[in-house]
Number of protein chains: 2
Amino acid sequence: MINIMVADDHTMFVDGIDSILNKEDDMQVICKCYTGEEVLKQLKVVQPDIILLDINLPGITGIEVSKTVLAEYPEVKILAISMFNEESFVTEILNNGAQGYILKNTGRKELLDAIRTICGGKTYFSKDVTNTIMKSLMKKRMESKGSTKLIPKVSRREKEVLKLIVEEFTTQEIAKELFISLKTVESHRSSLLNKLNARNTAGLVRITMENKILEN
Amino acid sequence: MINIMVADDHTMFVDGIDSILNKEDDMQVICKCYTGEEVLKQLKVVQPDIILLDINLPGITGIEVSKTVLAEYPEVKILAISMFNEESFVTEILNNGAQGYILKNTGRKELLDAIRTICGGKTYFSKDVTNTIMKSLMKKRMESKGSTKLIPKVSRREKEVLKLIVEEFTTQEIAKELFISLKTVESHRSSLLNKLNARNTAGLVRITMENKILEN
DNA sequence: TGGCGATTAGGGGATTACCCCTAGAATCTC
DNA sequence: GAGATTCTAGGGGTAATCCCCTAATCGCCA
């Protein structure tokens, strides 16, 4: 038997979920909460297997609740529920302990499927959600590619020097490592400062990491 | 009519795909390739709407081919096909122009679905693949949370200094910006070097960005 | 209320990074 | 094979960082 806590500030929604779940033989709703505070309070009394948690709770948000649950009741699973198919919400809640994420317009069958999957120790994400994530993943990559174009090509040797700079080698150490003169390394350094439009080592490292210059 | 190019080094696989696709009224395989070189060569002659591209091609890999296609034939869609459900492969190919990713054990129906979805301008990822991605996404978040713990807490003022260092301010400029003495900034700098276990400015910046120290 | 970390500040010196300049040799490219 | 780019290297100087030390003041908290 799966013991379920439902947390959402919309009473009708909670009741709807309640009626759907209680029709199932292997599930029972043991607690209904309408605020984040209530969830944390009730958890000291009841032991649900899973919490159906609305992300946009008033007061303490679902994100905050999720953090606390992960820290204090790590055995309790969380299925995040939201109106919004927003990439930021999804990653944020995944970041903080949820095992799944579904939208509020999800059908009965998928809801039951999600609950059983998560209670079986796996993770569950609705198709809409995964699509959103994948798309935003692709977008981010594209954007990072786009901004890279502003940066002139860094030569093979310069990359080697740059790599060592990022790894905290001094100019002298780089010279020894690459079997070249100190002056040569300085020469590469100043080329890099120019090409990457940096003022100093700090900028060199930051720009390198922001644009993932060493990852090709 | 969807014009399809198939690229895989296993002849039997290519022929199998060919026979599946040619049974459909709205699809036709117009070109079969067995190496990456061949794909790039054929693209100068034929105009496919979509390429079914094996990632693990011998010689020029599917990744490389995908990069080139994205750059030179941006209107041509790519559906990546692979034996392996590896997170690194998937992100790499998404990174470089593919609109979809399916596994070789994918059934006929899903293959057709994927092709039609992508040619309709959308993206397609098989369920196995999205699961892998989501899991590795979660893992990474967890790991980054975990590794953060190794780093001693950086104080408020130190973070201010650190932020300016990352933004290429020199010690003198930081002193002016924060209305404190040069020696004070140097003091904070050396505390930071100690706390973050860095040898120099380069390390300071790298560790800061790797651990996202300034994002709180 | 004593201790601890954070913030402030300094002296003095060693090392490193940055800048301006030139310039030959190797390598790639058209 | 000519031209561009890269890799190499140096002289000479200034600015910045890093290191070792001390030390006063402040706030917090057990």
Side-chain angles (χ1 to χ4, degrees), chain A residues 148-209 211 213-214 216, chain B residues 40 44 60 64 67-68 71-72 148-209 211 213-214 216:
Chain A
T148 309
K149 283 171 188 164
L150 297 172
I151 290 172
K153 52 184 170 184
V154 179
S155 73
R156 184 195 115 263
R157 199 57 158 172
E158 283 164 352
K159 274 186 189 172
E160 288 177 19
V161 172
L162 188 53
K163 178 170 175 289
L164 295 175
I165 291 174
V166 173
E167 288 173 3
E168 302 180 47
F169 282 62
T170 67
T171 302
Q172 270 194 11
E173 290 166 348
I174 295 171
K176 280 184 186 171
E177 182 75 16
L178 300 181
F179 302 103
I180 53 180
S181 152
L182 188 128
K183 272 296 180 183
T184 305
V185 180
E186 280 193 328
S187 183
H188 287 311
R189 273 194 106 110
S190 78
S191 302
L192 285 166
L193 287 172
N194 256 312
K195 285 187 179 179
L196 303 189
N197 205 23
R199 290 181 61 198
N200 52 32
T201 305
L204 227 46
V205 176
R206 180 177 50 77
I207 293 165
T208 300
M209 299 192 73
N211 299 84
I213 292 172
L214 295 178
N216 292 318
Chain B
L40 299 180
K44 292 175 182 168
I60 302 180
E64 294 298 324
K67 275 185 194 173
T68 309
E72 295 178 21
T148 309
K149 284 170 190 166
L150 297 173
I151 291 174
K153 53 185 170 187
V154 178
S155 74
R156 184 195 113 265
R157 198 56 157 172
E158 283 164 353
K159 275 187 190 173
E160 289 177 20
V161 173
L162 188 54
K163 179 171 176 290
L164 295 175
I165 291 174
V166 173
E167 288 173 2
E168 302 180 47
F169 282 62
T170 68
T171 302
Q172 270 194 11
E173 289 166 348
I174 295 172
K176 281 185 187 171
E177 182 76 15
L178 300 181
F179 302 105
I180 53 180
S181 152
L182 187 128
K183 272 296 179 180
T184 306
V185 180
E186 279 193 329
S187 183
H188 289 311
R189 273 194 107 109
S190 78
S191 301
L192 285 166
L193 288 173
N194 256 311
K195 284 188 179 178
L196 302 189
N197 204 23
R199 290 180 61 197
N200 51 32
T201 306
L204 228 47
V205 176
R206 180 177 50 79
I207 293 164
T208 300
M209 299 193 74
N211 298 84
I213 291 171
L214 295 177
N216 294 316

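Each chain gets a letter, A, B and so on, in the order its sequence line appears, and its residues count up from 1. Quantities reported herein were computed from a predicted structural model and do not represent experimental measurements.
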So how far is it from A/Ser155 OG to A/Lys195 NZ, rounded to the nearest 0.5 Å? 5.0 Å
Starting at atom CZ of B/Arg157, determine the distance to atom C1' of D/dC26, rounded to an integer number of angstrom. 14 Å
Could you state the atom-to-atom distance from CD1 of A/Ile165 to P of C/dT16 in whole Å? 14 Å
Phosphate oxygens OP1/OP2 of D/dA4: is one of them under 4.0 Å from a side-chain N or O of A/Lys153? no
Check step by step if salt bridge (charged side-chain N to carboxylate O under 4.0 Å, His left out) holds for B/Lys67 and B/Glu72. CA-CA 9 Å; B/Lys67 275 185 194 173; B/Glu72 295 178 21; over 6 Å; no
One should read off an interatomic distance between B/Ile180 CD1 and B/Ser187 OG, to the nearest 0.5 angstrom, of 9.0 Å
Tell me the closest heavy-atom pair linking A/Arg199 and B/Glu173, and the distance in Å. NH2-OE2, 2.7 Å
Please write out the pairs of protein N or O atoms and N or O atoms of nucleotides 16-20 of chain D separated by less than 3.5 Å, giving the distance to one decimal.
residue, atom, partner, partner atom, Å
D/dT17, OP1, B/Arg189, NH1, 3.4
D/dT17, OP2, B/Thr171, N, 2.7
D/dT17, OP2, B/Thr171, OG1, 2.5
D/dT17, O3', B/Thr201, OG1, 3.4
D/dC18, OP1, B/Thr201, N, 2.5
D/dC18, OP1, B/Thr201, OG1, 3.0
D/dC18, OP2, B/Arg189, NE, 3.1
D/dC18, N4, B/Glu186, OE2, 2.9

Any side-chain N or O of B/His188 under 4.0 Å from OP1/OP2 of C/dA6? no
Shortest non-hydrogen contact from B/Leu204 to B/Leu193? CD1-CD2, 3.7 Å
Hey, is the side chain of A/Thr184 poking within less than 4.0 Å of OP1 or OP2 on D/dA9, counting only N and O atoms? yes
Do any side-chain nitrogens or oxygens of A/Arg156 fall under 4.0 Å of OP1 or OP2 in D/dC7? yes
How long is the gap from OG1 on A/Thr201 to CD1 on B/Ile165, to the nearest 0.5 Å? 12.0 Å
Between D/dA9 (P) and A/Leu178 (CG): distance, integer Å: 11 Å
Atom pair distance, as rounded to whole Å: CD1 in A/Ile174 and C1' in D/dA9: 16 Å
In whole Å, I'd like the distance from the CG atom of A/Asn194 to the P atom of D/dT6. 12 Å
Taking CD1 from B/Ile180 and P from D/dC26, how many angstroms apart are they, rounded to a whole number? 17 Å
Within the pair A/Ser181 and D/dG10, is there a side-chain N or O less than 4.0 Å away from OP1 or OP2? yes
From CZ (A/Arg156) to CD (A/Glu160), nearest 0.5 Å: 4.5 Å
